[in-house]
Amino acid sequence: MKTIATIFSGGGGVEVGAIAAGYQPIWGIEKNAAVAEVYRMNLGDHVICEDAQTVNPSGLDHPDVLWASPECQFFSVALQRHSKHQITHNPNLGLCVIPYLETLKPDTFILENVRRYQKHETYTAIVQRLRQLGYWYANFILNAADFGVPQDRKRLILIAKRGEMFLSPIQSGCWRSWYNAIIDLLPELPETVFPPWQHPALKKALQRSQVFMMDGKALRDKVSTHYRLPTTRLSNEPCFTICKWHWKQAIRVHLNDRAVKLTPRAIARMQSFPDDYRLPNDNKLAIQVIGNAVPPLMVQRILEGV
């Protein structure tokens, strides 16, 4: 069985997809203790709760595939649009993957991040070192929806293979709607109301359909440069991009004569997490883990192609 290891592992979304693709996770590195505990209770004790920058890779087992998803807060368009969010993550954090590549020399290396990451000097440095180490690589902007994930989520995926070329991942092209993903959960979702500042968007959405999903990101001040109506998705469309902020920016669904709020379990469905993945009781932590994850189904399909 092929093996996989991850850096910046989060709650193990990559590992969930890797197991479905027939891989064995051998170690993961996650510095946030609470998030690492979620990984541990779902995937095992092989998670290393340390800063990836301080771990000595020479003491780690060689993986067939090494996957890295550096924190992307600095490169997030959504966060940089709103100055009230203080961006604290180091944009050069991804450079720490280079010693792992130099020491472990995995057969395949996969890097995942937001699209803007490829324009940063950190990405350039990683690519240059891959060339020097004898890797062939290709980068893609892939939409999770094209792999059957019920979410419109575009991400940069770099795939590098040592000593051989790599072709584009096979995408299904069949989109799945958010409604079909959670239809069995709808009767048990908690009742809610749309706040006043969402009423203009609510009125517009009702002109199109009686069943739709709406995010909670609208600003109340219409004079603001960044004001926009909430994003809505009809029942035949995939969800908008899930992020860790949805614990406080509630996702609401209008269902004909009632409105409901998505629970962490329902949001996990949007990221293609299986129902047997155990979520923490703390909703903020649960949605942080879900929102920061790589959709497991997307991971599965990518790994099946490499």
Side-chain angles (χ1 to χ4, degrees), residues 72-73 75-87 114-116 143-146 149-155 175-183 185-273 279 283-293 295:
C72 61
Q73 187 184 85
F75 306 97
S76 168
V77 174
L79 279 179
Q80 295 204 4
R81 191 178 290 152
H82 301 288
S83 59
K84 66 178 182 178
H85 294 300
Q86 184 179 6
I87 298 174
V114 295
R115 289 175 285 177
R116 293 180 65 193
N143 191 339
D146 289 327
V149 179
Q151 180 187 170
D152 185 3
R153 186 185 189 93
K154 297 181 178 69
R155 288 294 184 268
W175 284 21
R176 187 184 183 202
S177 72
W178 64 264
Y179 185 83
N180 285 336
I182 62 168
I183 188 170
L185 299 180
L186 293 176
E188 62 190 56
L189 294 181
E191 301 282 340
T192 188
V193 294
F194 287 88
W197 67 86
Q198 290 189 332
H199 286 181
L202 180 63
K203 182 178 179 180
K204 286 190 174 184
L206 287 170
Q207 293 172 356
R208 300 173 63 198
S209 175
Q210 289 291 316
V211 180
F212 55 85
M213 170 187 288
M214 183 182 294
D215 72 14
K217 295 184 179 179
L219 301 183
R220 304 188 191 197
D221 179 14
K222 291 187 178 182
V223 179
S224 169
T225 305
H226 305 306
Y227 176 85
R228 68 165 176 81
L229 292 174
T231 299
T232 58
R233 292 295 172 93
L234 302 187
S235 61
N236 62 345
E237 297 176 318
C239 178
F240 35 73
T241 301
I242 297 296
C243 67
K244 69 177 183 179
W245 304 108
H246 281 128
W247 71 271
K248 62 179 178 179
Q249 297 171 340
I251 301 174
R252 294 177 172 86
V253 172
H254 190 278
L255 298 168
N256 296 310
D257 57 351
R258 63 190 285 252
V260 297
K261 183 168 64 175
L262 295 195
T263 60
R265 178 56 62 194
I267 294 174
R269 290 270 187 99
M270 303 304 166
Q271 281 279 61
S272 73
F273 275 93
L279 296 171
N283 283 355
K284 179 179 178 180
L285 176 60
I287 295 177
Q288 176 185 344
V289 168
I290 296 165
N292 285 340

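Each residue takes its place number in the sequence, starting with 1. Values in this document were obtained by computation on a predicted structure and should not be read as measured data.
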Quiz item: So do Val253 and Leu189 actually touch side chain to side chain, heavy atoms under 4.5 Å?
Solution: no
Quiz item: Looking at NZ of Lys203 and NE2 of His199, how far apart are the two atoms once the value is rounded to the nearest 0.5 Å?
Solution: 12.0 Å
Exercise. Look only at the side chain of Ser177 and the backbone of Asn180, and say whether a donor-acceptor pair between them is shorter than 3.5 Å.
Key: yes
Practice problem: Could you tell me whether a side-chain N or O of Thr231 sits under 3.5 Å from a main-chain N or O of Met214, the two making a donor and an acceptor? | Solution: no
Quiz item: So do Val211 and Asn256 actually touch side chain to side chain, heavy atoms under 4.5 Å?
Solution: yes
Quiz item: For the residue pair Thr232 and Glu237, what are the closest heavy atoms and their distance?
Solution: O-OE1, 4.4 Å
Quiz item: So does Asp215 pair up with Arg252, basic N to acidic O under 4.0 Å?
Solution: no
Practice problem: Quick one: pull up SG in Cys239 and OH in Tyr179 and give me the separation to the nearest 0.5 Å. | Solution: 15.5 Å
Quiz item: Once you round to the nearest 0.5 Å, how far does CD1 of Ile182 lie from CE of Met213?
Solution: 5.0 Å
Quiz item: At their closest point, which heavy atom of Leu262 faces which heavy atom of Met270, and how far apart are they?
Solution: CD1-CE, 4.1 Å
Practice problem: Enter the distance from Lys244:NZ to Ile290:CD1 here, rounded to the nearest 0.5 Å. | Solution: 14.0 Å
Quiz prompt | Residue pair Phe273, Ile267: steps toward the side-chain contact (heavy atoms from CB on, under 4.5 Å) verdict | solution = CA-CA 9 Å; Phe273 275 93; Ile267 294 174; over 6 Å; no
Quiz item: Ile242 pairs by side chain to side chain contact (heavy atoms under 4.5 Å, CB included) with which of Ile251, Val149, Asn292?
Solution: Ile251
Quiz item: Which pair of non-hydrogen atoms, one from Arg265 and one from Leu185, has the smallest distance, and what is that distance?
Solution: CG-CD1, 4.3 Å
Quiz item: Under the 3.5 angstrom rule, does the side chain of Glu191 hit a backbone N or O of Val260 as a donor-acceptor pair?
Solution: no
Practice problem: For the pair His254 and Phe194, name the ring-plane relationship: parallel under 30°, tilted 30 to 60°, perpendicular over 60°. | Solution: tilted
Practice problem: Measure across Trp175 and Pro238 and return the closest heavy-atom pair with its distance rounded to 0.1 Å. | Solution: CE3-CG, 3.4 Å
Exercise. Can you see which heavy atom on Arg233 is nearest to which on Trp178, and at what distance?
Key: O-NE1, 3.2 Å
Self-check item: Minimum heavy-atom distance Ala286-Leu279, with the two atoms named
Solution: CB-CB, 4.4 Å
Quiz prompt | Side-chain donor/acceptor of Gln271 to backbone N/O of Ala268, under 3.5 Å | solution = no
Quiz prompt | Any donor-acceptor N or O pair under 3.5 Å, side chains Arg153, Thr241 | solution = no
